[in-house]
Chemist: 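Below: one structure in structure tokens.
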Amino acid sequence: AGAAPAAYTLPLLGETLWLWWLIGTMAGALAYEAPEQPGLGVILTACVGVATGLFVASLWPAGLALYVFGIGQMCLRGEHRARYHLLAEVA
């Protein structure tokens, strides 16, 4: 950020925070995808986090559209997966 003009500091901070939020959301959405194999879950989450970060950092308008149109389905799937595994653990 040292090469950015001072007037761009606040938008750059906003973009960085949004990128952090998006990658965290993607990683959190994948938390219950492979609970039987935690090592595989870590690898999956890391790969998706890096890929999302690279994609959104280079094409941030597409990343914003991806977030807006995809977050609803991701949250719904994550909720169903979490409920399934929590109920399977009780039974």
Side-chain angles (χ1 to χ4, degrees):
Y8 189 64
T9 306
L10 192 58
L12 185 61
L13 178 63
E15 184 178 344
T16 304
L17 289 175
W18 179 77
L19 183 61
W20 170 73
W21 180 267
L22 178 65
I23 292 172
T25 303
M26 294 290 287
L30 294 172
Y32 284 97
E33 287 298 321
E36 300 86 15
Q37 299 174 336
L40 179 63
V42 169
I43 293 170
L44 176 68
T45 303
C47 289
V48 168
V50 169
T52 302
L54 292 173
F55 177 74
V56 173
S58 61
L59 301 169
W60 68 267
L64 184 59
L66 173 76
Y67 185 80
V68 169
F69 293 117
I71 193 66
Q73 290 85 8
M74 287 175 48
C75 288
L76 188 62
R77 177 169 171 78
E79 182 181 334
H80 288 297
R81 294 285 294 180
R83 185 176 293 124
Y84 170 77
H85 290 291
L86 289 174
L87 290 176
E89 189 175 284
V90 171

Chemist: Kindly work out whether a path of hydrophobic side-chain contacts (I/L/V/M/F/W/Y, heavy atoms less than 4.5 Å apart) joins W18 to L59.
Modeler: yes
Chemist: Among residues at least two apart in sequence or on other chains, which ones pass salt bridge (charged side-chain N to carboxylate O under 4.0 Å, His left out) with E15?
Modeler: none
Chemist: What residues form a side chain to side chain donor-acceptor pair (under 3.5 Å) with Q37, not counting sequence neighbours?
Modeler: none
Chemist: Just checking Y84: does its OH atom have more than 12 heavy atoms from other residues, nucleotides or ligands closer to it than 6.0 angstrom?
Modeler: no
Chemist: Would a hydrophobic clustering, with Ile, Leu, Val, Met, Phe, Trp and Tyr connected at side-chain separations under 4.5 Å, put M74 with L76?
Modeler: no
Chemist: Taking I43 as the starting point, is it possible to reach V48 by hopping between hydrophobic residues whose side chains are less than 4.5 Å apart?
Modeler: no
Chemist: Could you grab the distance from atom CG of L17 to atom CG of L22, nearest 0.5 Å is fine?
Modeler: 12.5 Å
Chemist: Any chance you could pull the hydrophobic cluster mates of V50, using side-chain heavy atoms under 4.5 angstrom and chaining through other members?
Modeler: L54
Chemist: Are I71 and I23 connected in a single hydrophobic cluster, I mean Ile/Leu/Val/Met/Phe/Trp/Tyr linked by side-chain heavy atoms less than 4.5 Å apart?
Modeler: yes
